[in-house]
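Numbering of residues begins at 1 and proceeds along the displayed sequence.
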Amino acid sequence: MTVRYDAVIIGAGHNGLVCAFYLARAGLKVRMVERREVVGGAAVTEEFHPGFRNSVASYTVSLLQPKVIRDMKLVDHGYRVIERPISNFLPQEDGSYLQLGGGVERTQAEFAKFSNADAETLPAYYEALENVADVLRDLALQTPPNIGDGFKTLIDGARQGRRLAKMPLDQQRDVLDLFVKSARTFLDSWFESEAVKAAFGFDAVVGNYASPDTPGSAYVLLHHVFGEVNGKRGAWGHSVGGMGAITQAMATVCREAGVEISLGAPVARVLVDGSKAAGVRLEGGKEIHADAVIANVGPKILYERMMDPADLSPEFRRRVKAFKAGSGTFRMNVALSELPRFTALPEPGEHLQSGIIIAPTLDYMDEAFTDAKRHGWSRKPIVELLIPSTVDSSLAPAGQHVASLFCQQFDPQLDWDRHREAAADTIIDTVEGYAPGFKASLLGRMILSPLDLERKFGLAGGDIMHGNMTLDQLWSARPVLGNGAYRGPLKGLYMCGAGAHPGGGVTGAPGHNAAREILADRSLVGRLLRRG
(Lines give C-alpha, C1' and ligand atoms only; values in the text may rest on other atoms or scores of the structure.)
Protein backbone atom coordinates (compact mmCIF):
# COMPACT_ATOMS: atom_id res chain seq x y z
CA MET A 1 0.00 0.00 0.00
CA THR A 2 1.39 3.41 -1.00
CA VAL A 3 1.62 5.92 1.84
CA ARG A 4 0.71 9.45 0.82
CA TYR A 5 2.04 12.42 2.74
CA ASP A 6 0.77 15.92 3.19
CA ALA A 7 4.28 17.19 2.50
CA VAL A 8 7.65 15.84 1.42
CA ILE A 9 10.70 18.02 2.08
CA ILE A 10 13.86 17.69 -0.03
CA GLY A 11 16.89 18.16 2.19
CA ALA A 12 17.22 17.97 5.98
CA GLY A 13 19.22 21.17 6.44
CA HIS A 14 18.24 23.53 9.21
CA ASN A 15 15.59 25.38 7.18
CA GLY A 16 14.03 22.11 6.09
CA LEU A 17 13.90 20.96 9.71
CA VAL A 18 12.31 24.22 10.81
CA CYS A 19 9.69 23.96 8.07
CA ALA A 20 8.99 20.32 8.94
CA PHE A 21 8.49 21.17 12.60
CA TYR A 22 5.87 23.85 11.96
CA LEU A 23 3.99 21.66 9.48
CA ALA A 24 4.00 18.65 11.79
CA ARG A 25 2.95 20.78 14.75
CA ALA A 26 -0.08 21.84 12.69
CA GLY A 27 -1.01 18.18 12.21
CA LEU A 28 0.43 17.46 8.76
CA LYS A 29 2.01 14.12 7.87
CA VAL A 30 5.56 15.09 6.84
CA ARG A 31 8.36 13.11 5.23
CA MET A 32 11.92 14.45 4.82
CA VAL A 33 14.40 12.94 2.37
CA GLU A 34 18.09 13.71 2.80
CA ARG A 35 20.86 12.77 0.39
CA ARG A 36 23.52 12.43 3.10
CA GLU A 37 23.61 10.02 6.05
CA VAL A 38 23.28 12.86 8.55
CA VAL A 39 20.80 15.70 9.07
CA GLY A 40 21.88 19.30 9.15
CA GLY A 41 22.88 20.28 5.64
CA ALA A 42 25.85 22.63 6.01
CA ALA A 43 25.25 23.01 9.77
CA VAL A 44 26.95 19.81 10.92
CA THR A 45 29.68 18.72 13.31
CA GLU A 46 32.08 16.07 12.00
CA GLU A 47 35.30 14.38 13.03
CA PHE A 48 37.67 15.46 10.27
CA HIS A 49 40.92 14.16 11.85
CA PRO A 50 41.21 11.41 14.49
CA GLY A 51 40.08 12.95 17.78
CA PHE A 52 39.27 16.35 16.26
CA ARG A 53 35.68 17.52 15.61
CA ASN A 54 34.44 20.79 14.19
CA SER A 55 31.60 22.62 12.49
CA VAL A 56 33.00 21.75 9.11
CA ALA A 57 30.93 24.15 6.97
CA SER A 58 28.68 26.70 8.72
CA TYR A 59 30.66 27.60 11.82
CA THR A 60 29.21 30.43 13.91
CA VAL A 61 25.87 31.56 15.37
CA SER A 62 24.03 34.87 15.37
CA LEU A 63 21.24 34.92 12.80
CA LEU A 64 19.09 32.03 14.08
CA GLN A 65 15.66 33.53 14.73
CA PRO A 66 14.75 33.81 18.44
CA LYS A 67 11.18 32.82 17.57
CA VAL A 68 12.41 29.56 16.04
CA ILE A 69 14.54 28.86 19.10
CA ARG A 70 11.53 29.43 21.37
CA ASP A 71 8.97 27.56 19.29
CA MET A 72 11.17 24.49 18.87
CA LYS A 73 12.23 24.63 22.54
CA LEU A 74 15.82 24.14 21.44
CA VAL A 75 17.23 25.17 24.82
CA ASP A 76 15.39 22.21 26.37
CA HIS A 77 17.21 19.99 23.86
CA GLY A 78 20.73 21.21 24.60
CA TYR A 79 20.99 24.41 22.57
CA ARG A 80 23.69 26.55 24.13
CA VAL A 81 25.71 29.37 22.60
CA ILE A 82 28.83 30.96 24.08
CA GLU A 83 29.16 34.59 23.05
CA ARG A 84 32.48 35.86 21.76
CA PRO A 85 34.14 38.22 24.29
CA ILE A 86 35.08 40.44 21.37
CA SER A 87 33.79 40.18 17.82
CA ASN A 88 36.90 40.34 15.67
CA PHE A 89 40.67 40.68 15.85
CA LEU A 90 42.38 42.18 12.81
CA PRO A 91 46.19 41.97 12.73
CA GLN A 92 47.70 44.61 10.45
CA GLU A 93 50.60 44.25 8.04
CA ASP A 94 52.74 46.70 10.06
CA GLY A 95 52.46 44.58 13.23
CA SER A 96 49.69 46.60 14.87
CA TYR A 97 46.17 45.28 15.44
CA LEU A 98 42.58 46.35 15.92
CA GLN A 99 39.95 44.61 18.05
CA LEU A 100 36.25 45.10 17.45
CA GLY A 101 33.56 44.46 20.05
CA GLY A 102 33.32 44.12 23.79
CA GLY A 103 31.23 47.27 24.10
CA VAL A 104 31.15 50.65 22.41
CA GLU A 105 33.65 52.33 24.74
CA ARG A 106 36.16 49.53 24.37
CA THR A 107 35.84 49.59 20.59
CA GLN A 108 36.21 53.38 20.59
CA ALA A 109 39.50 53.01 22.49
CA GLU A 110 40.69 50.59 19.82
CA PHE A 111 39.65 52.94 17.02
CA ALA A 112 41.44 55.84 18.71
CA LYS A 113 44.73 54.03 18.09
CA PHE A 114 44.09 54.70 14.40
CA SER A 115 41.80 57.74 14.34
CA ASN A 116 40.24 59.88 17.08
CA ALA A 117 37.64 61.06 14.59
CA ASP A 118 36.60 57.47 13.84
CA ALA A 119 36.31 56.73 17.55
CA GLU A 120 33.97 59.70 17.97
CA THR A 121 31.93 58.66 14.90
CA LEU A 122 31.38 55.07 16.03
CA PRO A 123 28.21 55.54 18.17
CA ALA A 124 26.42 57.35 15.34
CA TYR A 125 27.45 54.63 12.88
CA TYR A 126 26.15 51.89 15.15
CA GLU A 127 22.88 53.77 15.58
CA ALA A 128 22.45 54.17 11.83
CA LEU A 129 23.07 50.46 11.19
CA GLU A 130 20.80 49.42 14.03
CA ASN A 131 17.94 51.55 12.70
CA VAL A 132 18.15 49.85 9.32
CA ALA A 133 18.78 46.42 10.85
CA ASP A 134 15.54 46.82 12.82
CA VAL A 135 13.64 47.12 9.55
CA LEU A 136 15.29 43.95 8.24
CA ARG A 137 14.49 42.08 11.44
CA ASP A 138 10.83 42.95 10.94
CA LEU A 139 10.92 41.83 7.31
CA ALA A 140 12.82 38.59 7.94
CA LEU A 141 9.76 36.72 9.21
CA GLN A 142 7.36 38.27 6.70
CA THR A 143 6.49 36.88 3.29
CA PRO A 144 7.54 39.27 0.51
CA PRO A 145 4.76 40.66 -1.71
CA ASN A 146 4.45 38.31 -4.65
CA ILE A 147 4.52 40.29 -7.88
CA GLY A 148 1.61 39.21 -10.05
CA ASP A 149 -0.89 38.69 -7.24
CA GLY A 150 -2.81 41.82 -8.24
CA PHE A 151 -4.37 43.88 -5.46
CA LYS A 152 -2.87 41.61 -2.80
CA THR A 153 0.60 42.62 -4.01
CA LEU A 154 -0.24 46.28 -3.42
CA ILE A 155 -1.65 45.58 0.04
CA ASP A 156 1.32 43.47 1.13
CA GLY A 157 3.82 45.95 -0.29
CA ALA A 158 2.15 48.87 1.46
CA ARG A 159 1.97 47.02 4.76
CA GLN A 160 5.63 45.98 4.71
CA GLY A 161 6.78 49.39 3.52
CA ARG A 162 4.86 51.26 6.21
CA ARG A 163 7.68 51.25 8.75
CA LEU A 164 10.20 52.31 6.13
CA ALA A 165 7.95 55.18 5.07
CA LYS A 166 7.69 56.37 8.68
CA MET A 167 11.45 56.55 9.14
CA PRO A 168 13.03 60.01 9.27
CA LEU A 169 14.58 61.18 6.00
CA ASP A 170 18.17 60.66 7.17
CA GLN A 171 17.38 57.02 8.05
CA GLN A 172 15.70 56.46 4.69
CA ARG A 173 18.89 57.74 3.09
CA ASP A 174 20.88 55.20 5.10
CA VAL A 175 18.59 52.45 3.80
CA LEU A 176 19.17 53.54 0.23
CA ASP A 177 22.93 53.75 0.77
CA LEU A 178 23.12 50.26 2.21
CA PHE A 179 21.10 48.69 -0.57
CA VAL A 180 22.77 50.27 -3.58
CA LYS A 181 26.25 51.53 -2.65
CA SER A 182 29.51 49.65 -2.52
CA ALA A 183 30.88 48.85 0.93
CA ARG A 184 33.82 51.18 0.32
CA THR A 185 31.65 54.13 -0.74
CA PHE A 186 29.42 53.61 2.27
CA LEU A 187 32.28 53.25 4.76
CA ASP A 188 34.22 56.15 3.25
CA SER A 189 31.29 58.39 4.17
CA TRP A 190 31.74 57.44 7.83
CA PHE A 191 35.40 56.68 8.58
CA GLU A 192 38.92 57.71 7.60
CA SER A 193 41.14 54.90 8.94
CA GLU A 194 41.78 52.00 6.56
CA ALA A 195 41.97 49.56 9.48
CA VAL A 196 38.61 50.71 10.82
CA LYS A 197 36.98 50.46 7.40
CA ALA A 198 38.39 46.95 7.01
CA ALA A 199 36.94 45.93 10.38
CA PHE A 200 33.45 46.62 9.06
CA GLY A 201 34.10 45.93 5.39
CA PHE A 202 34.94 42.28 5.98
CA ASP A 203 31.25 41.48 6.46
CA ALA A 204 30.57 42.84 2.97
CA VAL A 205 32.59 40.06 1.33
CA VAL A 206 31.51 37.12 3.49
CA GLY A 207 29.97 34.63 1.08
CA ASN A 208 30.16 37.29 -1.62
CA TYR A 209 32.34 36.75 -4.68
CA ALA A 210 32.83 40.47 -5.16
CA SER A 211 35.03 43.42 -4.32
CA PRO A 212 34.17 45.90 -1.56
CA ASP A 213 34.01 48.31 -4.51
CA THR A 214 31.15 46.35 -6.12
CA PRO A 215 27.86 48.31 -6.06
CA GLY A 216 25.43 46.68 -3.65
CA SER A 217 28.12 45.09 -1.48
CA ALA A 218 27.12 47.36 1.41
CA TYR A 219 23.94 45.30 1.79
CA VAL A 220 25.91 42.12 2.48
CA LEU A 221 27.64 44.05 5.27
CA LEU A 222 24.22 44.82 6.70
CA HIS A 223 22.89 41.26 6.30
CA HIS A 224 25.47 40.04 8.82
CA VAL A 225 24.60 42.49 11.61
CA PHE A 226 20.89 41.92 12.22
CA GLY A 227 21.26 38.78 14.33
CA GLU A 228 21.64 38.25 18.06
CA VAL A 229 23.04 35.82 20.62
CA ASN A 230 21.36 35.15 23.96
CA GLY A 231 19.28 38.31 23.52
CA LYS A 232 22.24 40.55 22.67
CA ARG A 233 21.83 42.14 19.26
CA GLY A 234 24.73 42.08 16.81
CA ALA A 235 26.64 39.47 18.82
CA TRP A 236 28.16 36.25 17.46
CA GLY A 237 28.86 33.04 19.28
CA HIS A 238 29.85 29.38 19.30
CA SER A 239 27.30 26.58 19.53
CA VAL A 240 28.53 24.13 22.16
CA GLY A 241 29.09 20.84 20.37
CA GLY A 242 29.38 22.65 17.06
CA MET A 243 26.69 23.64 14.59
CA GLY A 244 25.62 20.03 14.34
CA ALA A 245 24.35 20.24 17.91
CA ILE A 246 21.73 22.73 16.70
CA THR A 247 20.46 20.63 13.81
CA GLN A 248 20.55 17.40 15.83
CA ALA A 249 18.35 19.12 18.41
CA MET A 250 16.05 20.27 15.62
CA ALA A 251 15.84 16.73 14.25
CA THR A 252 14.92 15.40 17.68
CA VAL A 253 12.12 17.95 17.99
CA CYS A 254 10.87 17.09 14.50
CA ARG A 255 10.80 13.36 15.19
CA GLU A 256 8.93 13.98 18.44
CA ALA A 257 6.37 15.92 16.39
CA GLY A 258 5.95 12.94 14.06
CA VAL A 259 8.20 13.89 11.13
CA GLU A 260 9.67 10.92 9.25
CA ILE A 261 13.30 11.57 8.26
CA SER A 262 14.91 9.34 5.64
CA LEU A 263 18.72 9.55 5.34
CA GLY A 264 20.76 8.32 2.40
CA ALA A 265 17.77 9.15 0.20
CA PRO A 266 18.88 11.37 -2.71
CA VAL A 267 16.15 12.82 -4.92
CA ALA A 268 16.47 12.21 -8.66
CA ARG A 269 13.31 13.93 -9.86
CA VAL A 270 10.37 15.99 -8.69
CA LEU A 271 7.23 14.21 -9.86
CA VAL A 272 4.70 16.33 -11.71
CA ASP A 273 1.09 15.46 -12.49
CA GLY A 274 -0.26 17.90 -15.04
CA SER A 275 0.59 21.33 -13.64
CA LYS A 276 1.02 20.16 -10.05
CA ALA A 277 3.98 18.82 -8.08
CA ALA A 278 2.99 15.35 -6.91
CA GLY A 279 6.00 13.96 -5.02
CA VAL A 280 9.58 12.87 -5.59
CA ARG A 281 11.42 9.93 -7.11
CA LEU A 282 14.57 8.85 -5.29
CA GLU A 283 17.70 7.78 -7.16
CA GLY A 284 16.94 4.15 -6.31
CA GLY A 285 13.58 4.44 -8.07
CA LYS A 286 11.30 4.67 -5.04
CA GLU A 287 8.52 7.23 -5.35
CA ILE A 288 7.10 9.27 -2.47
CA HIS A 289 3.79 10.98 -3.17
CA ALA A 290 2.67 14.12 -1.38
CA ASP A 291 0.28 17.05 -1.71
CA ALA A 292 3.17 19.49 -1.32
CA VAL A 293 6.80 19.20 -2.43
CA ILE A 294 9.05 21.54 -0.49
CA ALA A 295 12.64 22.14 -1.59
CA ASN A 296 15.30 23.02 0.96
CA VAL A 297 17.89 22.79 -1.81
CA GLY A 298 18.83 25.93 -3.75
CA PRO A 299 17.00 27.12 -6.89
CA LYS A 300 19.80 26.02 -9.22
CA ILE A 301 19.75 22.48 -7.84
CA LEU A 302 15.96 22.24 -7.74
CA TYR A 303 15.07 23.64 -11.13
CA GLU A 304 18.09 22.64 -13.20
CA ARG A 305 18.83 19.18 -11.79
CA MET A 306 15.72 17.79 -10.12
CA MET A 307 13.02 18.77 -12.60
CA ASP A 308 12.19 17.77 -16.14
CA PRO A 309 12.71 20.92 -18.26
CA ALA A 310 9.40 20.15 -19.98
CA ASP A 311 7.63 20.80 -16.66
CA LEU A 312 8.84 24.42 -16.57
CA SER A 313 8.09 27.23 -18.99
CA PRO A 314 10.90 28.41 -21.27
CA GLU A 315 10.76 31.86 -19.66
CA PHE A 316 11.08 30.44 -16.15
CA ARG A 317 14.00 28.22 -17.22
CA ARG A 318 15.71 31.28 -18.71
CA ARG A 319 15.27 33.21 -15.47
CA VAL A 320 16.64 30.36 -13.35
CA LYS A 321 19.61 30.00 -15.67
CA ALA A 322 20.33 33.70 -15.11
CA PHE A 323 20.06 33.32 -11.31
CA LYS A 324 23.58 33.95 -9.99
CA ALA A 325 25.13 31.45 -7.59
CA GLY A 326 28.76 31.10 -6.53
CA SER A 327 30.08 32.77 -3.37
CA GLY A 328 33.82 32.35 -3.98
CA THR A 329 34.12 30.54 -0.64
CA PHE A 330 36.85 28.05 0.30
CA ARG A 331 36.55 26.28 3.68
CA MET A 332 39.23 24.49 5.65
CA ASN A 333 39.24 22.75 9.01
CA VAL A 334 42.58 22.15 10.67
CA ALA A 335 43.78 20.19 13.67
CA LEU A 336 46.46 22.04 15.67
CA SER A 337 49.04 20.86 18.17
CA GLU A 338 49.00 24.29 19.83
CA LEU A 339 47.42 27.72 19.63
CA PRO A 340 48.74 30.11 16.99
CA ARG A 341 50.89 33.01 18.13
CA PHE A 342 50.21 36.16 16.14
CA THR A 343 53.07 38.59 15.72
CA ALA A 344 50.74 41.46 16.57
CA LEU A 345 49.55 39.84 19.82
CA PRO A 346 51.55 36.67 20.53
CA GLU A 347 50.31 35.60 23.97
CA PRO A 348 47.05 33.67 24.42
CA GLY A 349 44.04 35.86 25.14
CA GLU A 350 40.46 36.59 24.28
CA HIS A 351 41.45 37.59 20.75
CA LEU A 352 41.86 33.86 20.09
CA GLN A 353 38.18 33.38 21.00
CA SER A 354 37.08 35.92 18.39
CA GLY A 355 36.95 35.97 14.62
CA ILE A 356 40.55 36.49 13.53
CA ILE A 357 40.37 38.42 10.26
CA ILE A 358 43.26 38.46 7.82
CA ALA A 359 42.13 41.29 5.55
CA PRO A 360 43.78 44.45 6.88
CA THR A 361 42.36 46.95 4.35
CA LEU A 362 39.64 47.34 1.75
CA ASP A 363 42.41 47.51 -0.87
CA TYR A 364 43.58 44.07 0.30
CA MET A 365 40.02 42.75 -0.16
CA ASP A 366 39.70 44.33 -3.60
CA GLU A 367 43.04 42.86 -4.68
CA ALA A 368 41.92 39.44 -3.44
CA PHE A 369 38.89 39.60 -5.73
CA THR A 370 40.71 40.91 -8.80
CA ASP A 371 43.46 38.33 -8.23
CA ALA A 372 40.85 35.57 -8.17
CA LYS A 373 39.28 36.83 -11.38
CA ARG A 374 42.71 36.85 -13.01
CA HIS A 375 44.29 33.67 -11.63
CA GLY A 376 41.43 31.60 -10.20
CA TRP A 377 42.20 32.28 -6.58
CA SER A 378 43.72 35.05 -4.55
CA ARG A 379 47.43 34.82 -3.79
CA LYS A 380 46.66 36.83 -0.63
CA PRO A 381 43.20 35.53 0.28
CA ILE A 382 40.76 36.91 2.81
CA VAL A 383 40.76 34.56 5.80
CA GLU A 384 38.62 34.39 8.92
CA LEU A 385 40.15 32.05 11.49
CA LEU A 386 38.04 30.76 14.39
CA ILE A 387 39.35 28.47 17.13
CA PRO A 388 36.20 27.07 18.81
CA SER A 389 38.18 24.66 21.01
CA THR A 390 39.26 27.67 23.10
CA VAL A 391 35.71 27.70 24.53
CA ASP A 392 34.55 24.13 23.81
CA SER A 393 36.98 21.45 24.98
CA SER A 394 34.81 18.66 23.55
CA LEU A 395 36.15 19.36 20.05
CA ALA A 396 39.83 18.41 20.48
CA PRO A 397 42.17 16.38 22.70
CA ALA A 398 43.46 18.15 25.80
CA GLY A 399 46.04 20.79 24.98
CA GLN A 400 45.29 20.68 21.26
CA HIS A 401 42.87 22.66 19.12
CA VAL A 402 40.68 22.83 16.03
CA ALA A 403 40.33 25.84 13.79
CA SER A 404 37.90 26.87 11.07
CA LEU A 405 39.30 28.81 8.14
CA PHE A 406 36.64 30.61 6.16
CA CYS A 407 38.31 32.01 3.07
CA GLN A 408 37.12 34.27 0.28
CA GLN A 409 37.79 34.95 -3.38
CA PHE A 410 38.18 31.61 -5.11
CA ASP A 411 36.64 31.35 -8.56
CA PRO A 412 33.68 28.90 -8.35
CA GLN A 413 34.26 27.88 -11.99
CA LEU A 414 37.91 26.81 -11.61
CA ASP A 415 38.98 23.16 -11.98
CA TRP A 416 39.22 22.58 -8.24
CA ASP A 417 40.13 18.91 -8.51
CA ARG A 418 43.36 20.17 -10.01
CA HIS A 419 44.01 23.24 -7.83
CA ARG A 420 42.52 22.51 -4.39
CA GLU A 421 45.78 21.48 -2.66
CA ALA A 422 47.75 24.43 -4.01
CA ALA A 423 45.00 26.85 -2.96
CA ALA A 424 44.93 25.29 0.50
CA ASP A 425 48.70 25.75 0.78
CA THR A 426 48.26 29.41 -0.14
CA ILE A 427 45.76 29.85 2.68
CA ILE A 428 48.06 28.23 5.23
CA ASP A 429 50.96 30.39 4.03
CA THR A 430 48.79 33.49 4.42
CA VAL A 431 48.05 32.67 8.06
CA GLU A 432 51.73 31.79 8.60
CA GLY A 433 52.67 35.31 7.53
CA TYR A 434 50.76 36.72 10.50
CA ALA A 435 51.32 33.84 12.95
CA PRO A 436 54.77 32.26 12.41
CA GLY A 437 54.76 28.60 13.42
CA PHE A 438 51.15 28.03 12.40
CA LYS A 439 52.15 25.71 9.56
CA ALA A 440 54.35 23.59 11.84
CA SER A 441 51.44 23.14 14.31
CA LEU A 442 49.17 21.49 11.70
CA LEU A 443 48.31 17.87 12.49
CA GLY A 444 45.68 17.45 9.78
CA ARG A 445 43.45 19.42 7.47
CA MET A 446 40.11 19.08 5.71
CA ILE A 447 39.80 20.98 2.43
CA LEU A 448 36.48 22.14 1.02
CA SER A 449 36.91 24.00 -2.26
CA PRO A 450 33.83 25.53 -3.96
CA LEU A 451 33.47 22.26 -5.87
CA ASP A 452 33.79 20.21 -2.67
CA LEU A 453 31.11 22.37 -1.03
CA GLU A 454 28.83 21.60 -3.95
CA ARG A 455 29.52 17.87 -3.92
CA LYS A 456 29.31 17.42 -0.16
CA PHE A 457 26.53 19.83 0.79
CA GLY A 458 24.66 20.44 -2.48
CA LEU A 459 25.66 24.12 -2.63
CA ALA A 460 25.61 25.10 -6.32
CA GLY A 461 28.91 26.79 -7.16
CA GLY A 462 29.90 26.36 -3.51
CA ASP A 463 27.48 29.20 -2.71
CA ILE A 464 26.83 29.26 1.03
CA MET A 465 23.86 31.59 0.42
CA HIS A 466 22.20 29.36 -2.26
CA GLY A 467 22.50 32.39 -4.56
CA ASN A 468 24.10 35.83 -4.62
CA MET A 469 22.70 38.36 -2.15
CA THR A 470 22.41 41.15 -4.69
CA LEU A 471 19.60 43.66 -5.07
CA ASP A 472 18.19 41.83 -8.11
CA GLN A 473 17.99 38.59 -6.07
CA LEU A 474 16.48 39.83 -2.81
CA TRP A 475 13.02 40.05 -1.22
CA SER A 476 10.27 39.56 -3.85
CA ALA A 477 12.88 38.72 -6.49
CA ARG A 478 14.40 35.79 -4.59
CA PRO A 479 14.76 33.61 -6.55
CA VAL A 480 12.59 34.94 -9.40
CA LEU A 481 10.17 37.85 -9.46
CA GLY A 482 6.68 36.37 -9.35
CA ASN A 483 7.88 33.39 -7.29
CA GLY A 484 9.25 35.25 -4.29
CA ALA A 485 6.65 34.11 -1.74
CA TYR A 486 8.07 30.58 -1.26
CA ARG A 487 5.81 29.19 -4.01
CA GLY A 488 7.31 27.63 -7.12
CA PRO A 489 5.89 27.90 -10.65
CA LEU A 490 3.82 24.71 -10.19
CA LYS A 491 0.95 24.23 -7.81
CA GLY A 492 2.07 22.36 -4.71
CA LEU A 493 5.77 23.23 -5.21
CA TYR A 494 7.46 25.34 -2.52
CA MET A 495 10.91 26.59 -1.53
CA CYS A 496 12.02 26.79 2.11
CA GLY A 497 15.80 27.28 1.86
CA ALA A 498 18.28 30.13 1.64
CA GLY A 499 17.40 30.66 -2.03
CA ALA A 500 14.20 32.30 -0.76
CA HIS A 501 13.72 35.43 1.40
CA PRO A 502 15.56 36.53 3.51
CA GLY A 503 18.51 34.55 2.13
CA GLY A 504 21.56 32.85 3.55
CA GLY A 505 22.90 32.19 7.01
CA VAL A 506 21.64 29.88 9.73
CA THR A 507 18.42 31.82 10.33
CA GLY A 508 15.52 29.37 10.10
CA ALA A 509 13.49 32.25 8.63
CA PRO A 510 12.86 30.76 5.16
CA GLY A 511 11.73 27.49 6.73
CA HIS A 512 9.47 29.29 9.19
CA ASN A 513 7.92 31.52 6.51
CA ALA A 514 7.46 28.76 3.95
CA ALA A 515 5.58 26.63 6.49
CA ARG A 516 3.23 29.53 7.20
CA GLU A 517 2.45 29.94 3.49
CA ILE A 518 1.94 26.20 2.95
CA LEU A 519 -0.50 26.07 5.86
CA ALA A 520 -2.29 29.16 4.55
CA ASP A 521 -2.70 27.54 1.12
CA ARG A 522 -4.06 24.35 2.69
CA SER A 523 -6.49 26.37 4.78
CA LEU A 524 -7.69 28.25 1.70
CA VAL A 525 -8.16 25.01 -0.26
CA GLY A 526 -10.04 23.53 2.65
CA ARG A 527 -12.37 26.52 2.85
CA LEU A 528 -13.04 26.38 -0.89
CA LEU A 529 -13.79 22.65 -0.73
CA ARG A 530 -16.12 23.12 2.20
CA ARG A 531 -17.99 25.78 0.24
CA GLY A 532 -18.46 23.23 -2.53
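At distances below 3.5 Å, not a single donor-acceptor pair connects side-chain atoms of Asp371 with backbone N or O atoms of Glu367. Under the 3.5 Å distance criterion, the side-chain polar atoms of Gln473 are matched with a main-chain donor or acceptor of Asn468. Proximity of a side-chain donor or acceptor of Asn483 to a complementary backbone N or O of Gly488 within less than 3.5 Å is detected. The main-chain N or O of Ala183 is found under 3.5 Å from a side-chain atom of Ser217 such that the two form a donor-acceptor pair. The backbone N or O of Gly503 lies less than 3.5 Å from no partner atom in the side chain of His466, so there is not a single donor-acceptor pair. Side-chain atoms of Tyr486 come within 3.5 Å of backbone atoms of His501 as a donor-acceptor pair (strictly under, hydrogens ignored). In this structure a side-chain-to-backbone donor-acceptor pair under 3.5 Å is missing from Thr430 to Ile382. In this structure, Gln409 contributes its side chain and Ala368 its backbone to no donor-acceptor pair below 3.5 Å. At distances below 3.5 Å, at least one donor-acceptor pair connects side-chain atoms of Thr60 with backbone N or O atoms of Gly237. Judged purely by atom type and a 3.5 angstrom limit, His289 has no side-chain atom pairing as donor or acceptor with the backbone of Gly279.
Among residues two or more places apart in sequence or in another chain, the side chain to side chain donor-acceptor pair (under 3.5 Å) test is passed with Glu37 by none. Judged as a side chain to side chain donor-acceptor pair (under 3.5 Å), and not counting sequence neighbours, Ser87 has no contacts. With sequence neighbours left out, the salt bridge (Lys or Arg N to Asp or Glu O under 4.0 Å) criterion links Arg420 to Asp452. A search for salt bridge (Lys or Arg N to Asp or Glu O under 4.0 Å) contacts involving Glu454 returns Arg305, not counting sequence neighbours.
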Dump the intermediate steps for side chain to side chain contact (heavy atoms under 4.5 Å, CB included) on Asp6 and Val30, then the final yes or no.
CA-CA 6 Å; Asp6 294 312; Val30 182; 5.8 Å; no
Between Gln92 and Tyr97, does the side chain to side chain contact (heavy atoms under 4.5 Å, CB included) criterion hold? Intermediate values first, please.
CA-CA 5 Å; Gln92 298 294 300; Tyr97 66 88; 5.6 Å; no
Steps toward side-chain hydrogen bond (donor to acceptor under 3.5 Å, both in side chains) verdict (Glu384, Tyr59)
CA-CA 11 Å; Glu384 180 180 19; Tyr59 60 98; 2.5 Å; yes
How far apart are the C-alpha atoms of His238 and Asp392, what are their side-chain angles, what is the distance that settles it, and do they pass the side-chain hydrogen bond (donor to acceptor under 3.5 Å, both in side chains) test?
CA-CA 8 Å; His238 167 74; Asp392 186 352; 3.0 Å; yes
Given the rule in the side chain to side chain contact (heavy atoms under 4.5 Å, CB included) test, do Trp377 and Ile427 qualify, once you have shown the distances and angles that lead to the verdict?
CA-CA 10 Å; Trp377 76 84; Ile427 292 166; over 6 Å; no
Under the salt bridge (Lys or Arg N to Asp or Glu O under 4.0 Å) rule, what do Glu287 and Arg269 come out as? Steps first, then yes or no, please.
CA-CA 9 Å; Glu287 293 187 354; Arg269 183 71 72 197; over 6 Å; no
Between Arg35 and Val267, does a side chain to side chain contact (heavy atoms under 4.5 Å, CB included) hold up when you go through it step by step?
CA-CA 7 Å; Arg35 178 176 59 89; Val267 170; over 6 Å; no
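Note that CG of Asn54 and NE2 of His401 are 12.5 Å apart. Values are rounded to the nearest 0.5 Å. A distance of 10.0 Å separates OG of Ser389 from CD of Gln353, quoted to the nearest 0.5 Å. Expressed to the nearest 0.5 Å, how far NE2 of His351 lies from CZ of Phe342 amounts to 7.0 Å. Remark: Leu64 CG to Met72 CE distance equals 9.5 Å, nearest 0.5 Å. Taking CZ of Arg487 as the reference point, atom CD1 of Ile518 lies at 8.5 Å (rounded to 0.5 Å). Interatomic distance, Met307 CE to Leu493 CG, rounded to the nearest 0.5 Å: 5.5 Å.
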For residues 433-444, run the donor-acceptor check on the side chains, cut-off 3.5 Å, and write out each pair with its distance to 0.1 Å, sequence neighbours left out.
{"residue": "Lys439", "atom": "NZ", "partner": "Asp429", "partner atom": "OD1", "Å": "2.7"}
{"residue": "Ser441", "atom": "OG", "partner": "Phe438", "partner atom": "O", "Å": "2.7"}

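In the model, Ser211 has a side-chain atom that pairs as donor or acceptor with a side-chain atom of Asp366 under 3.5 Å.
Phe330 and Trp416 have perpendicular rings, their planes meeting at more than 60° on a 0 to 90° scale where under 30° would count as parallel.
For the side chain to side chain donor-acceptor pair (under 3.5 Å) condition, the pairs that include at least one residue of residues 242-267, sequence neighbours left out, are Tyr5-Glu260, Lys29-Glu260, Arg31-Ser262, His77-Glu256.
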